[in-house]
Amino acid sequence: MFYGTELTSRLMLGTAQYPSPAILRAAIVASGTEVITVSLRREGAEGEAFRALLRESGARVLPNTAGCHSAREAITTALMARELFGTDWIKLEVIGHADTLQPDPFGLVEAATELCAQGFKVFPYTTEDLIVGERLIAAGCQVLMPWGAPIGSGQGLRNIDGLRRMRAHFDGVPLIIDAGIGAPSQAVHAMELGFDGVLLNTAVAKAADPVAMARAFGEAVAAGRRGVEAGLMPARDMARASTPIFGLAELAL
């Protein structure tokens, strides 16, 4: 449940870097996603044909402020996106480091505060920092999107302990792993940690077969969630035999 909207799929898919519009559309369908992200800057370059493709996909558009390096730039981009796409959902990115593309926590909170006050439903791209998360919740965000690893790196979940603590701390708040996921197994891991969804782009768009990879990620996210709902067994320090001792044959000497 994200801002009162119930979704069947817990996978969100980015729309950049695909080999062709036809492959992008097929990947969206194959993944089963109901939410696709799009950068306002890319939309501006692609124009009406790209918007038509997004509409035909049947998925909900989540515009993002990718490439913004200040709160003011992100706010302006969000306002333009709301007018263009007709939605108050916005994935908020305020980048603070050029190499790692790590979020700027100060600019992020500033932009989130302003956008929430203007009626936006903000999906903030953040780190696993609990204090930043608290500030974003106080600003009005009802969802947090911590990174798994730097954008496009494919490194998976680099700070397992930090993400586990974040999940425990923000009990009841929807948390979506955003960025760094490179393989379906990593998406499963995110879901098994109790996260509510996964957002990714590069791992599908740059795959040898994007459509097949999109399907694999959709199945992985669903399988991870089903495992959590079924009840995962706890890890143990020692072995425990699954076959009972009672009934074993006794050898007479």
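Predicted, not measured: the structure shown is a model, and the values here were computed from it. The figures here come from the full heavy-atom set of this structure, side chains too, leaving out hydrogens, waters and symmetry mates.
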- Message: Does N64 form a side-chain contact (heavy atoms from CB on, under 4.5 Å) with S39? I'd like the steps, not just the answer.
- Response: CA-CA 5 Å; N64 68 50; S39 166; 3.6 Å; yes
- Test log, rule side-chain contact (heavy atoms from CB on, under 4.5 Å), inputs D161 and N159: CA-CA 6 Å; D161 289 341; N159 185 0; 4.2 Å; yes
- For L11 and L200, what are the C-alpha separation, side-chain angles and deciding distance, and is it a side-chain contact (heavy atoms from CB on, under 4.5 Å)? CA-CA 8 Å; L11 175 66; L200 56 91; 3.9 Å; yes
- From CA spacing to verdict: side-chain contact (heavy atoms from CB on, under 4.5 Å), T5, R60: CA-CA 11 Å; T5 299; R60 180 168 190 152; 3.7 Å; yes
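Without hydrogens or angle criteria, S57 side chain to L54 main chain gives a donor-acceptor distance under 3.5 Å. Of the possible donor and acceptor atoms, none in the side chain of R135 sits under 3.5 Å from a partner among the backbone N and O of V109.
M213 approaches A207 most closely through the heavy-atom pair CB-CB, 3.7 Å. For F2 against D196, the heavy-atom pair with the smallest separation is CZ-O, 4.1 Å. Of all non-hydrogen atoms in V198 and M191, the two that sit nearest each other are CG2-SD, 4.0 Å. Across every non-hydrogen atom of A27 and A214, the tightest pair is O-CB, 3.3 Å. Residues C141 and P124 come closest through the heavy atom pair SG-CG, 3.9 Å. Of all heavy-atom pairs between S153 and A149, the closest is OG-CB, 3.5 Å.
Other residues, nucleotides and ligands contribute only 12 or fewer heavy atoms inside 6.0 Å of the CD atom of E83.
Distance CD1/I90 to CZ/F123: 10.0 Å, rounded to 0.5 Å. Note that OG1 of T37 is 6.0 Å distant from CG of N201, once rounded to the nearest 0.5 Å. A distance of 9.0 Å separates CD in Q186 from CD in Q155, rounded to the nearest 0.5 Å. The OG1 atom of T33 sits 12.5 Å away from the CZ atom of R10 when rounded to the nearest 0.5 Å. For the atom pair OG1 (T15) and CZ (R25), the distance works out to 14.5 Å, reported to the nearest 0.5 Å. Of the inter-residue distances, the one linking M145 atom CE with L199 atom CG reads 4.5 Å to the nearest 0.5 angstrom.
At a threshold of 4.5 Å between non-hydrogen side-chain atoms, the residues R225 and V221 do not count as touching. A heavy-atom distance below 4.5 Å is found between the side chains of R72 and I75. Side-chain contact check for P146 versus T127: every heavy-atom pair is 4.5 Å or farther apart. Annotation: side chain of E134 is in contact with side chain of H169 (closest heavy-atom distance under 4.5 Å). K91 has its side chain out of reach of M12: every pair of non-hydrogen atoms, C-beta onward, lies at least 4.5 Å apart. Here the side chains of R215 and V211 are in contact, with some heavy-atom distance below 4.5 Å. Residues K121 and L62 have side chains not in contact (no heavy-atom distance under 4.5 Å, counting atoms from C-beta outward). Annotation: side chain of F217 is in contact with side chain of I181 (closest heavy-atom distance under 4.5 Å).
Hydrophobic clustering (side-chain heavy atoms under 4.5 Å, transitive across Ile, Leu, Val, Met, Phe, Trp, Tyr) keeps W89 apart from Y125. A continuous path of ILVMFWY side-chain contacts below 4.5 Å connects V122 to V61, so both sit in one hydrophobic cluster. Linking ILVMFWY residues whenever their side-chain heavy atoms come closer than 4.5 Å, directly or via other members, leaves L13 and V29 in distinct clusters. Cluster membership for L175 and W147, using ILVMFWY side-chain heavy atoms within less than 4.5 angstrom, is not shared. Residue Y3 is grouped with residue F170 when hydrophobic side chains (ILVMFWY) are merged at heavy-atom distances under 4.5 angstrom, including chains of intermediate members.
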